[in-house]
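Just so you know, ligand 1 is whichever comes first in the structure, and atom 1 is the first atom listed for that ligand. These numbers come from the heavy atoms of this one structure, side chains and all, not from hydrogens, waters or symmetry mates.
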Amino acid sequence: MSNVFPRVLDRDLPLVARGEGAVVWDAEGRRYIDGAGGAIVVGVGHGRTGVVAAMSRQAGRVAYAHPTAFSSEALESYAEELAPLLPMDEPRIYPVSGGSEAVETAIKLARAYHLARGESSRHVVIGRTGSYHGNTLGALDASGREPLRRPYEPWLGRFRHVSAAYEYRCELASHPEGCGAALADALDAAIREEGPDKVAGFIAEPVGGATLGAAVPPDDYWPAVRDVCTRHGVLLIADEVMTGFGRTGAWFGCDHWGLRPDIVTAGKGVSSGYWPLGFAACTGEVFDTVRPAGFVHGFTYSHSAVGAAVARTVLAILKDEHLVEASRDKGELLRKELATALDDHPAVGDVRGLGLMVGVELVRDRATREPFPRAERLTERVVAAAKERGLLLYSSTGCADGTDGDLVMFGPPFVITELQVTEAVQIAAEAIDACV
Ligand code: PLP
């Protein structure tokens, strides 16, 4: 009997043994293409000895020092090297242990900013339906992912939500024209209804991630949303936990539209899985505003020197090996091959994404886009069938209406080879065929 309380309770898990590039092996010697980089985490690939050496060097010098007592050379250097890449002016970076903590930090920072300006009534955060920002209670409340919210609804409800940009299921009369502007108008209306003096921030993923499976917004969306937030003095929080660090073929998802948010959150690809790490970064203007009164917040493991040493090496690898460009180019290849293999498949409704963040939405009827009923557990069966055949995929359910809707996602390491892309597509097609 195991003493582990596992992440999933409906099946036994193999033991992972090792990883190399875009491949992992279990303890029985079975090989899997890591088609999802775990949970769309691993960018630079598995088995990077340089990252391990940096981690070990820093831990050997000093592994832990309390963030209220010390900064570290590793963290100061990392922040300096990262700053020019972030989509904001004079960024200040607050490192934490993962994406959910990054979002909690961002939300509190937005509140701290308004308090420091004497606008103490501003406390409401507006998120989007069809979004995911994490599983801690604040981040979950900002999220619009029904299956994860449902058991905890009695603890949620402080935040409100507007529609995400979800072009595949867009119901606007003018679609596909003017969707971005119309969605921004809806945000404007929600802020007015709430009372602009009550709204602290608007949080959204630049490209819809875990809930909507790489849903790319129309080009008029982000400029219009930025404008609405600026007009109402609402801080714009771009949640780049999934989209950051090259995942969409640009350094940050915001870069595709020249978006300049007030706060950015990151996680996953920051450390490529080598260390539990995330951060919230804010503009110099937000930092300077908050600084005199201080920021009431903090975690034991924030500002980790070892985490910074890891992230610094990951950043260097991304730059030196041109992996952001690799994500862009291999993402195009992946989408092209998926389209060729799956476009005629009766259950494949949409193949979408940017860079190596790619979603495949499965539907019962391509013409009406009717989803499969949840009871059929199609996503789970496809993911299991792919794993059985040696491919790891990321999954999500509920995209269509909060309950029904089946998605599988690709988000492999950027070092995946072209041959492995072809192999992954072939296995995914076989897995879908085996299930519908
Ligand atoms: N924000 C986004 C956009 C995410 O995709 C995720 C995780 O999938 C999170 C936040 C939460 O990150 P974590 O699981 O590291 O807490």
Could you tell me whether the side chains of [X] and [Y] share a donor-acceptor contact shorter than 3.5 Å?
X	Y	value
Thr243	Glu240	yes
His232	Asp188	yes
Tyr113	Glu285	yes

Checklist line | Pairing residues for Asp34 by the salt bridge (charged side-chain N to carboxylate O under 4.0 Å, His left out) criterion, not counting sequence neighbours | finding: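 Counting only residues at least two positions away or on another chain, Asp34 forms no salt bridge (charged side-chain N to carboxylate O under 4.0 Å, His left out).
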Next item on the list: Would you check ligand 1 and list the protein residues that come within less than 4.0 Å of it by any heavy atom, ordered by chain and number?
Entry: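 Ligand 1 pocket, heavy atoms under 4.0 Å: Gly98, Gly99, Ser100, Tyr132, His133, Gly134, Glu205, Asp239, Val241, Met242, Lys268, Tyr394.
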Next item on the list: Quick one: list whatever passes ring pair (Phe, Tyr, Trp, His ring centres under 6.0 Å) with His161, sequence neighbours left out.
Entry: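 Per chain and number, His161 pairs via ring pair (Phe, Tyr, Trp, His ring centres under 6.0 Å) with no residue.
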Note to self: So, using side-chain contact (heavy atoms from CB on, under 4.5 Å) as the criterion, who are the partners of Glu146 when residues are at least two apart?
What the structure shows: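 With sequence neighbours excluded, Glu146 shows a side-chain contact (heavy atoms from CB on, under 4.5 Å) to Arg149, Arg150, Glu153, given in chain and number order.
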